[in-house]
Amino acid sequence: MMAAMEQQQIADLVAAAGEARENAHAPYSGYLVGAAALTADGRIFTGCNVENASYGLSVCAERHAIAAAVAAGCSEFVGIAVVTPSKPPAAPCGACRQVLAEFGDFSVIMANTGGEQVRSTVRDLLPITFDPAVLAAASGKEHEPDRSS
Ligand code: THU
């Protein structure tokens, strides 16, 4: 069962995402996005969109937050908040949904700069996934990171 997030956790996560949004590098789209991921050990990792003059290299805020957590050794997630200027609040793009699904099912809070919030889950946003379990089933092995070398 997915752990439900408390009101205070949601408020803290949305606030962190809103702060990260202020650091967005989005000179091409002008669309600033912030994200904040809460890990199972209670830590918050943030990200913002980082665009590039070679447009296709731009990185979304959600993937940035997830990568920051994983780089710090935290890959078990309770929830992620994303803050955009959109009304209603925008949902993570398809690529980000796939990256979230790599780490299981957890809360996704979509918020906007006007204070609106929409709550969902990774599974509801991407109900049929290509995830580690698919590879494991095909090979008969668990797909865990190899830390032997
Ligand atoms: N963007 C995100 O950061 N997250 C999403 O889920 C959707 C889009 C960014 C990418 C780009 O920098 C800008 O928003 C406009 O697409």
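What you see below is based on every heavy atom in this structure, not just the backbone, and it leaves out hydrogens, waters and symmetry mates. Atoms within a ligand are numbered from 1 in the order they appear, just like the ligands themselves. Computed from a predicted model, the values in this text were never measured in an experiment.
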Check each N or O atom of ligand 1 against all protein N or O atoms and list the pairs under 3.5 Å, with atom names and distances to 0.1 Å, one per line.
{"unit_1": "ligand 1", "atom_1": "3 (O)", "unit_2": "Ala61", "atom_2": "N", "d": "2.9"}
{"unit_1": "ligand 1", "atom_1": "4 (N)", "unit_2": "Glu62", "atom_2": "OE1", "d": "2.8"}
{"unit_1": "ligand 1", "atom_1": "6 (O)", "unit_2": "Glu62", "atom_2": "OE1", "d": "3.4"}
{"unit_1": "ligand 1", "atom_1": "6 (O)", "unit_2": "Glu62", "atom_2": "OE2", "d": "2.7"}
{"unit_1": "ligand 1", "atom_1": "6 (O)", "unit_2": "Cys93", "atom_2": "N", "d": "2.9"}
{"unit_1": "ligand 1", "atom_1": "12 (O)", "unit_2": "Asn49", "atom_2": "ND2", "d": "2.9"}
{"unit_1": "ligand 1", "atom_1": "12 (O)", "unit_2": "Glu51", "atom_2": "OE2", "d": "2.5"}

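In this structure, Phe103 and Phe77 have perpendicular ring planes: the angle between them is above 60°, well past the 30° mark.
Checked against salt bridge (Lys or Arg N to Asp or Glu O under 4.0 Å), Glu116 has the following partners two or more places apart in sequence or in another chain: Lys87. Every residue meeting the side chain to side chain contact (heavy atoms under 4.5 Å, CB included) condition with Leu32, not counting sequence neighbours, appears here in chain and number order: Arg21, Ala24, Ala26.
Looking at Asp41 and Thr39, their side chains do bring a donor and an acceptor atom within 3.5 Å of each other. Between the side chains of Tyr28 and Ser58, no donor N or O sits under 3.5 Å from an acceptor N or O.
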Name each donor-acceptor pair under 3.5 Å that joins a side chain in residues 60-74 to protein atoms two or more places apart or in another chain, with its distance.
{"unit_1": "His64", "atom_1": "ND1", "unit_2": "Cys48", "atom_2": "N", "d": "3.2"}
{"unit_1": "His64", "atom_1": "ND1", "unit_2": "Cys48", "atom_2": "O", "d": "2.9"}

